[in-house]
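As structure tokens, the structure follows; a few thoughts come after it.
Values below: all heavy atoms of this structure, side chains included; hydrogens, waters and symmetry mates excluded. Just follow the structure's listing: the first ligand is 1, and inside any ligand the first atom is 1. In what follows, residues are counted from 1 in the order of the sequence shown.
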Amino acid sequence: MSVKKIQIFDTTLRDGEQVPGCKLNKEEKLIIAKQLELLGVDVIEAGFPISSPGDFEAVKAIAAQTKEATVCGLSRAVEQDIRTAADALVGARRPRIHTGIGTSDSHIQYKLRTTQEKVIERAIAAVKLAKSFVEDVEFYAEDAGRTDNEFLARVCEAAIKAGATVLNIPDTTGYCLPSDYGAKIKYLYENVKGVEKVRLSTHCHNDLGLATANSIAGAINGALQIECTINGVGERAGNTALEEVVMIMRQHPHLGIDTGINTKLLSATSALVSDMMRMPVQPNKAIVGSNAFSHSSGIHQDGVIKHRETYEIIDPRDVGVSDSSIVLTARSGRAALAYRLQKIGYDFDKFALDKAYASFLQLADRKKEVVDEDLHQLVEQANLVSA
Ligand code: KIV
Ligand code: ZN
């Protein structure tokens, strides 16, 4: 089966950085951009150049220093935004301007206070202006998730005619169900003239916890680019998490879609972004949470010690984690205790292990987690002799 390559568009430095408290300075953005390039993302959305002089300078610096990835700058469908994005991207080897406008009834009526026809006119003018500066122009139809498909198709067609190379279909409010979002992408492929000349892109928010599922539904239905952030950082409940979509495609080869991401760098990249944004990763976060490869209940520990794949679908080394961990708590069994004792140099016969286990349970009921130091003490206090 041939495998289709999906482009990964990372927007950690733009949509991710919009989060209160996560602001990055130019130097921090540059460090993250370098790591994103090592990770193998296809596009780095470096910022929103008109938003502040600092962001303009950051996009400019990333544009100048990025070797392989496309560097993208955001703009609204506003002349000065587009000109400023173009200025910031002048030094890029592969520049892309990302421009667009709201297309849902709610955005048109309440935010833009205009009409559908005027939205199409502004979309065309924005894409044409962006195209006068760079070849690669991505158009976003903001709130496409809640936009009527027929109107969305008209906007997309107009953007293609004006020269767009990528069409971004954002579920800005995280409203869609995977089946609806997938159907929307399929509808656009089937109803937009010229769609075969461009790349459709997903851009999903996580308000209902569906961002990853929606992005995958989009990819299954033909989208050729996924927009996402490291650790899923982003406005409100966040964006699609890069590490999740990448590992879903890798763990399900029958989907016939994959990325060029070096998955062994996922864990380090997650830690870097979390540190720089001062945004902790929840311990149970898929792929990169501190508990993603740790086992604490006796039944699971026994299984993993006998054969890792009984309770793990991903080899931790594939995402840059050195090993699975067996955490000792009051829910752990003898197998886990024996395993951890062996790791620190004690090999007990059945009698000694039973004795150690009884002391261990008493300690574990008092402590949340029993660590190596506790085990050494326990062995000493119970006068246990290793075989
Ligand atoms: O969520 C959204 O619609 C966006 C656009 C600006 C692309 O972030
Ligand atoms: Zn967004």
Atoms of ligand 1, numbered as shown, that sit under 4.0 Å from any heavy atom of Thr172: 1 (O), 2 (C), 3 (O)
Numbered atoms and elements of ligand 1 in range of Pro170, under 4.0 angstrom, heavy atoms: 2 (C), 3 (O)
Asn168 neighbourhood, listing ligand 1 atoms whose heavy-atom distance to it stays under 4.0 Å: 7 (C)
His205-ligand 1 polar pair, N/O distance under 3.5 Å: yes
Atom name in Asp15, limited to N/O/S, at shortest distance from the Zn ion (ligand 2): OD2
Identity and separation of the nearest protein heavy atom to atom 4 (C) of ligand 1: His203 NE2, 3.5 Å
Within-cut-off N or O pair, Arg14 and ligand 1, under 3.5 Å: yes
Metal proximity, Glu227 vs the Zn ion (ligand 2), N/O/S cut-off 2.8 Å: no
Which segment of Asp15 sits under 4.0 Å of ligand 1 when only heavy atoms are counted: side chain
Lys/Arg-Asp/Glu bridge criterion (N-O < 4.0 Å) met for Lys60, Asp87: no
Atom indices of ligand 1 within 4.0 angstrom of Glu142 heavy atoms, with elements: 3 (O)
Salt-bridge criterion met for Asp136 and Arg94 (N-O under 4.0 Å): no
Check ion pair Asp180-Lys184 (N to O, under 4.0 angstrom): no
Partner of Val245 under side chain to side chain contact (heavy atoms under 4.5 Å, CB included), chosen from Ile6, Thr212, Thr259, Ile261: Thr212
Minimum heavy-atom distance Ile8-Cys228, with the two atoms named: CG2-SG, 3.9 Å
NZ/NE/NH1/NH2 to OD/OE distance under 4.0 Å, Asp354 and Arg334: yes
Short N-O contact, Glu45 and Arg96, less than 4.0 angstrom: no
